[in-house]
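To keep things clear, I will list the structure first and then write my remarks on it.
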Protein chains: 2
Amino acid sequence: MTSPAAQPRTCSVARTLELVGEKWALLAIREVFLGNRRFDEMTRCTGAPRDTLAARLRTLVAAGILERRQYSEHPARFEYHLTEAGRELYPVILTLMRWGDTHLAGDGGPPLLLEHHCGHRLVAEVTCEACGEPVAAGSTRRQR
Amino acid sequence: MTSPAAQPRTCSVARTLELVGEKWALLAIREVFLGNRRFDEMTRCTGAPRDTLAARLRTLVAAGILERRQYSEHPARFEYHLTEAGRELYPVILTLMRWGDTHLAGDGGPPLLLEHHCGHRLVAEVTCEACGEPVAAGSTRRQR
DNA sequence: AGACTGCATCCAGAATCCAGACTTACTAGG
DNA sequence: CCTAGTAAGTCTGGATTCTGGATGCAGTCT
């Protein structure tokens with residue numbers, strides 16, 4: 001009889017990381033966002049071992065984040081597309097990228113720049129959907 | 001002489017994930033955001049093995065994301081605080097949480113609700129710092 | 001004192017990751 | 001026809017990492 005359970009917090013962060021937190025998963029998703037939908041190209045651009053990448057793609061497809069589409073019949077060939085749920089991971093990629101741009105960019109500045117359709121270089125900011133103000137670490141508290 | 005190098009893309013996403021992409025790292029950071037700064041509490045709330053958590057905390061401190069502060073002299077006791085760089089990971093946590101809330105919340109809805117200081121429940125949105133508009137998957141392109 | 005808490009490390013086995021070779025089926029070049 | 005090359009994986013065996021006790025240590029609670 002040790003103390004009562006004290007089971008780990010169930011939390012959306014934890015649940016999300018169970019799906020996309022494994023090594024290479026988010027990099028594979030990044031590649032699809034960049035338009036590289038094919039296996040070989042992904043291995044080249046991410047540096048992931050082919051085996052690991054294959055496993056990751058399988059779990060991402062199973063999780064409904066990617067969709068595997070055949071683009072060639074006879075030598076059966078497939079490419080990976082984002083589902084709606086997958087597309088909604090873009091904010092995650094963008095905030096990771098923003099942090100790296102700020103804290104890890106070397107001399108040459110950020111290695112990859114994105115342009116928002118408003119014409120400016122994209123700097124991703126997280127705001128409160130209700131009031132539109134930026135959200136900083138100290139500006140939230142637990143509800144209820 | 002195979003084809004030219006074709007080395008993996010250097011990218012802020014990849015670099016950031018090298019620091020915070022290991023298992024449990026982001027959950028440890030989440031705990032610090034929630035105010036749980038002590039080792040044992042973190043193991044309880046995350047479910048991470050003690051050894052693994054200890055290793056993760058070390059790398060996060062080395063990366064300048066957490067700071068280890070002594071709060072007791074004689075039984076030397078430490079707690080972990082976010083550095084400025086660490087605090088700036090809040091957007092990453094929030095976007096992960098938002099995705100999980102949207103796609104993985106069970107019957108009971110999101111397990112943890114945050115309130116923005118504007119008074120509304122926080123729903124995190126990623127916007128373009130320049131124009132303030134939300135950023136969707138299709139609304140960006142590579143610059144240059 | 002004895003039980004308990006908080007932090008950390010050691011260990012052995014399990015799971016995962018890794019690099020490179022291999023497979024299969026087709027296309028292109030000579 | 002023969003040889004290369006490409007694409008999407010799979011196989012293999014070895015390296016690395018993760019995991020869950022057990023252990024230690026120092027102080028607090030009863």
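So that the names make sense, note that chain A is the first sequence line, chain B the second, and so on, each numbered from 1. Source: prediction; values computed, not measured.
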Please examine the side chains of His103(A) and Ile65(B), heavy atoms only from C-beta on, and report whether any two atoms are closer than 4.5 Å. no
Any donor-acceptor N/O pair under 3.5 Å between dC11(D) base and Asp51(A) side chain: yes
dG9(D) C1' sits how many Å from Asp40(A) CG, rounded? 9 Å
OP1 or OP2 of dC10(C) sitting under 4.0 Å from any side-chain N/O of Arg50(B)? no
When you measure from the centre of the six-membered ring of Tyr71(A), is the NZ or CZ of Arg37(A) closer than 6.0 Å and no more than 45° off the axis? no
Between His116(B) and Glu133(A), is there a side-chain donor-acceptor contact under 3.5 Å, judged purely by atom types and distance? no
With a 4.0 Å cut-off, would you call Arg9(B) and Glu31(A) a salt bridge? yes
Select one nucleotide: of dA8(D), dT19(D), dA19(C), the one nearest the side-chain heavy atoms of Pro49(A). dA19(C)
To the nearest 0.5 Å, atom OG1 of Thr102(B) lies from atom CD of Glu84(A) at 10.5 Å
Length of the CG-C1' vector between Leu57(A) and dA7(D), whole Å: 14 Å
Side-chain N or O of Thr52(B) closer than 4.0 Å to phosphate OP1/OP2 of dT19(D): yes
Look at all strands and tell whether Arg38(A) reaches a base, only sugar-phosphate, or nothing, counting heavy atoms closer than 4.0 Å. sugar-phosphate
Value in whole Å for how far the P atom of dG9(D) lies from CD of Gln70(A): 10 Å
OP1 or OP2 of dG9(D) versus the side-chain N and O atoms of Tyr80(A): is any pair under 4.0 Å? yes
At under 4.0 Å, does any side-chain N or O of Tyr71(B) touch on OP1 or OP2 of dG6(C)? no
Let me know the distance between CZ of Arg68(A) and P of dA8(D), rounded to the nearest Å. 10 Å
Phosphate-side-chain proximity, Arg56(A) and dG9(D), N/O vs OP1/OP2 below 4.0 Å: no
Residue Arg44(B), side-chain heavy atoms: nucleotide from dG6(C), dA19(C), dA25(C) that is nearest: dG6(C)
Any side-chain N or O of Lys23(B) below 4.0 angstrom from OP1/OP2 of dT16(C)? no
Any Arg58(B) side-chain N or O less than 4.0 Å from OP1/OP2 of dT9(C): yes
